Number of protein chains: 2
Amino acid sequence: MPKRITSIDVAQLAGVSQSTVSRVYSAGSKVSEDKRERVLKAAEELGYHPNAIARSLITQRSNIIGIVMANITSPFYPYVLDKFLQHLAEIGKQALLFTAAPNQEIDDILPLILQHQVDGLIVTSATLSSEMAERCHQQGTPVILFNRTIPDAPVSAVCCDNVAGGGKIADLLLDNGHQRLAYIAGTANTSTNIEREAGFTAQLKKRSVENWFYEEGNYSYESGYDAAIRLMQNAPRPDAIFCANDIMAIGAMDAIRAEFNLTIPDDVSVIGFDDIPMARWAAYDLTTISQPVDAMIDEAIALLLEKIENPDFVPTIRRIAGELVLRGSVKLA
Amino acid sequence: MPKRITSIDVAQLAGVSQSTVSRVYSAGSKVSEDKRERVLKAAEELGYHPNAIARSLITQRSNIIGIVMANITSPFYPYVLDKFLQHLAEIGKQALLFTAAPNQEIDDILPLILQHQVDGLIVTSATLSSEMAERCHQQGTPVILFNRTIPDAPVSAVCCDNVAGGGKIADLLLDNGHQRLAYIAGTANTSTNIEREAGFTAQLKKRSVENWFYEEGNYSYESGYDAAIRLMQNAPRPDAIFCANDIMAIGAMDAIRAEFNLTIPDDVSVIGFDDIPMARWAAYDLTTISQPVDAMIDEAIALLLEKIENPDFVPTIRRIAGELVLRGSVKLA
DNA sequence: TTGAAAGCGATACCAT
DNA sequence: ATGGTATCGCTTTCAA
């Protein structure tokens with residue numbers, strides 16, 4: 001075991017007190033230029049760097065944000081994660097990352113997270129029970145839900161305005177003469193799915209459309225593929241399909257072409273939600289609603305910091321509007 | 001600021017010493033059933049959970065593994081990350097995650113990582129200078145490179161056997177009558193690219209093929225798309241393209257179809273490397289080499305743990321064979 | 001088995 | 001500006 005270098009070692013070599021060494025490494029402390037140099041030189045020589053753990057213990061701040069992410073492998077999320085890491089790095093925070101089974105409640109791993117004294121917690125596409133949310137609250141650990149909402153719990157949340165997005169899609173399809181609409185749902189009990197569907201169907205009803213096709217998926221390519229097969233077996237078949245996310249839309253497109261030998265958008269229009277990179281690929285050219293990821297992340301981090309600084313901050317839900325991205329998968333009138 | 005609950009609070013409520021509370025939470029310590037229950041009950045009541053930071057300070061173990069990942073958004077890596085998280089969770093370790101610019105040296109963020117006293121460090125698709133590697137070594141922090149190798153440094157590495165993979169691909173193409181082969185390179189100076197190319201071209205030469213087309217990409221969809229365009233402008237054009245990874249292969253396929261209106265594999269065969277999920281999509285059905293991700297990760301973690309337990313363990317490079325996955329994008333004779 | 005006390009490596013307050 | 005010292009919350013001897 002190589003001996004660990006501590007501030008005491010540096011202090012001895014530099015001929016200063018241990019306190020002085022500490023000051024050199026804490027921003028905004030006054031140390032004479034002379035001593036600062038000696039300390040830095042000694043530190044360099046010994047290969048010293050401050051022990052963040054000891055620091056956290058006394059400052060009561062770990063500078064670590066916990067991130068719980070359920071769907072790391074679903075194409076939308078790596079971007080979210082990457083952005084979070086970048087933004088957190090900019091404000092000097094590290095990320096302790098946890099996975100959860102998709103759509104699982106994270107109550108069981110929460111104690112583990114809390115043990116690590118994270119300064120805050122970001123939960124994406126998973127939920128915690130309001131009981132656990134309450135516990136974080138009491139304990140003073142701010143929690144932000146990303147892309148999920150839970151009602152009546154003292155936690156902030158930021159998500160895309162899914163209801164409005166669903167509505168825009170209904171309008172686009174109807175305005176361009178589609179008659180037999182279909183919806184491929186994501187996992188049924190997720191807030192994202194519920195909201196997108198609600199926005200879509202509400203707008204249909206508002207425009208006096210009473211019937212539409214419905215199939216259920218689980219946000220995966222395969223589930224979109226399979227749902228599309230079921231959908232296209234109807235006669236007459238749908239002439240437009242709204243999928244609760246892009247990856248299912250892509251699965252649906254592949255099924256429509258490979259299994260039915262039909263053309264998009266001439267035979268069927270397909271529209272997704274998220275605007276993942278693959279939506280832009282030449283094979284798909286998918287019309288979709290773009291989630292304002294950057295804005296959402298900015299907002300999430302802002303809410304988190306606000307709550308860290310000011311524990312009395314009242315939990316808020318922010319919904320940020322997504323933008324319709326017109327590509328080639330929807331037939332325009 | 002809500003008061004933090006410490007073991008002392010629990011001890012008082014339970015009417016035992018603080019030491020006893022500590023023992024209840026450290027596996028394999030003897031505490032009478034009687035007191036254990038009282039402690040647990042008091043802890044429950046107060047909402048206590050041990051402070052991992054204080055524990056780390058004294059045990060000299062953080063139970064945290066640092067992961068540096070350069071290409072989180074490149075489709076192969078989310079799977080790698082997810083698997084790492086799962087395996088680490090199984091052995092009771094947490095992951096502190098850092099991003100680096102792709103292919104960047106991570107020397108600048110290393111001090112930050114080291115401050116957090118990680119028990120070990122996994123670096124994927126990025127490298128550290130041998131100077132920094134040496135520093136980790138001295139400091140006693142084991143480092144494992146994943147999917148990268150650096151020569152002459154005291155760090156272990158695990159990667160796919162890229163050279164053998166490149167060779168298999170050359171054989172497959174040649175055995176099936178392809179005449180005008182092409183290679184689309186990944187970022188030129190990455191070990192992955194160098195090895196895949198070396199294996200491919202060595203095998204070509206061995207079989208007396210002296211000429212082949214060459215274009216350079218950077219592992220992205222767009223770069224594959226663009227490289228394919230340049231490639232297909234040759235006359236006569238290539239009849240088979242090996243792309244250094246799947247995502248470039250997919251870009252190349254889209255370009256071949258969309259820009260030249262050609263058919264795969266009748267007009268051109270395309271083959272990739274990695275076996276990402278999209279390789280299986282109906283639109284691509286991409287023949288490729290499957291990276292044995294699970295085995296690689298098992299190996300990486302095993303090496304890391306070995307080194308943590310036994311600091312004198314000699315750094316090793318493990319290459320694990322990938323498997324050829326035959327799908328429909330290569331024309332068979 | 002249990003409790004008292006030392007210490008992990010910093011920060012922060014208090015004098016000087 | 002600098003040094004001495006208490007302290008953060010726990011684990012780990014050492015006695016009892």
Side-chain angles (χ1 to χ4, degrees), chain A residues 1-40 42-43 46-64 111 114-119 139-140, chain B residues 1-39 42-43 46-64 111-112 114-119 139-140:
Chain A
M1 199 64 169
K3 187 189 175 312
R4 297 169 91 104
I5 313 293
T6 73
S7 55
I8 297 183
D9 302 318
V10 178
Q12 273 169 356
L13 182 60
V16 300
S17 77
Q18 184 271 336
S19 311
T20 300
V21 175
S22 171
R23 281 191 263 265
V24 169
Y25 288 93
S26 40
S29 289
K30 327 129 200 294
V31 185
S32 69
E33 205 41 55
D34 167 42
K35 304 212 165 184
R36 153 169 274 117
E37 270 173 29
R38 271 158 55 203
V39 167
L40 255 19
L46 296 172
Y48 168 80
H49 49 84
N51 184 323
I53 291 196
R55 173 182 289 160
S56 304
L57 187 57
I58 184 95
T59 58
Q60 311 274 50
R61 286 239 167 156
S62 61
N63 280 318
I64 291 180
L114 261 16
Q115 284 189 14
H116 283 276
Q117 314 297 118
V118 296
D119 291 344
Q139 224 235 306
Chain B
M1 199 64 170
K3 186 187 177 312
R4 297 167 93 103
I5 313 294
T6 73
S7 56
I8 296 183
D9 303 317
V10 177
Q12 274 169 355
L13 182 60
V16 300
S17 76
Q18 183 271 335
S19 315
T20 300
V21 176
S22 171
R23 281 190 261 265
V24 168
Y25 288 93
S26 42
S29 288
K30 326 126 199 299
V31 185
S32 68
E33 204 44 51
D34 167 42
K35 303 213 166 182
R36 154 170 273 116
E37 271 172 29
R38 272 157 56 202
V39 167
L46 296 172
Y48 169 80
H49 50 84
N51 183 323
I53 292 197
R55 173 181 289 162
S56 304
L57 186 58
I58 186 108
T59 59
Q60 311 275 47
R61 286 239 167 155
S62 61
N63 280 318
I64 290 180
L112 184 62
L114 260 18
Q115 284 190 13
H116 283 276
Q117 313 297 117
V118 295
D119 292 344
Q139 226 236 302

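Here the structure is a predicted model, which means the values were calculated and not measured. Just so we're on the same page: letters track the sequence lines, and every chain starts at 1.
- The distance between atom CG of B/Asn63 and atom P of C/dC8, rounded to the nearest whole Å, is 20 Å.
- Residues forming a side-chain contact (heavy atoms from CB on, under 4.5 Å) with A/Asn63 (at least two apart in sequence, or on another chain): A/Lys93, A/Asp119.
- Here the shortest heavy-atom pairing between A/Ala42 and A/Ala14 reads CB-CB, 3.9 Å.
- In this structure, the CD atom of A/Gln60 is 11 Å from the P atom of C/dA12, given to the nearest Å.
- The side-chain heavy atoms of B/Arg4 and A/Gln60, taken from C-beta on, include a pair separated by under 4.5 Å.
- Taking atom CG of residue A/Asp9 and atom C1' of nucleotide C/dG9, one finds them 11 Å apart after rounding to whole Å.
- Of the candidate nucleotides D/dT2, D/dG9, C/dG3, D/dG9 has the atom lying nearest to any side-chain atom of A/Leu57.
- Proximity of A/Thr20 to the phosphate of D/dT2: no side-chain N or O atom is located under 4.0 Å from OP1 or OP2.
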Report task. Before giving the answer on side chain to side chain contact (heavy atoms under 4.5 Å, CB included), spell out for B/Thr6 and B/Asn51 the whole-Å C-alpha distance, their side-chain angles and the decisive distance to 0.1 Å. Result -> CA-CA 8 Å; B/Thr6 73; B/Asn51 183 323; over 6 Å; no
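- Residue A/Glu33 contributes atom CD, which lies 15 Å from atom C1' of D/dT2 at whole-angstrom precision.
- Here the side chains of B/Pro50 and B/Arg55 are in contact, with some heavy-atom distance below 4.5 Å.
- In this structure, B/Asp34 atom CG and C/dT1 atom C1' are separated by 11 Å, rounded to whole Å.
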Between the protein and nucleotides 10-13 of chain D, which nitrogen or oxygen pairs come in under 3.5 angstrom?
{"from": "D/dC10", "atom 1": "OP1", "to": "B/Tyr48", "atom 2": "OH", "distance (Å)": "2.9"}
{"from": "D/dC10", "atom 1": "OP1", "to": "B/Asn51", "atom 2": "N", "distance (Å)": "3.1"}
{"from": "D/dC10", "atom 1": "OP2", "to": "B/Ser7", "atom 2": "N", "distance (Å)": "2.6"}
{"from": "D/dC10", "atom 1": "OP2", "to": "B/Ser7", "atom 2": "OG", "distance (Å)": "2.8"}
{"from": "D/dT11", "atom 1": "OP1", "to": "B/Arg55", "atom 2": "NE", "distance (Å)": "2.7"}
{"from": "D/dT11", "atom 1": "OP1", "to": "B/Arg55", "atom 2": "NH2", "distance (Å)": "3.1"}
{"from": "D/dT11", "atom 1": "OP2", "to": "B/Ser22", "atom 2": "OG", "distance (Å)": "2.3"}

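- Paired with A/Val39 under the rule side-chain contact (heavy atoms from CB on, under 4.5 Å), one option of A/Asp34, A/Val31, A/Val16 passes, and it is A/Val16.
- For the pair A/Lys30 NZ and C/dC13 P, the computed distance is 12 Å after rounding to whole Å.
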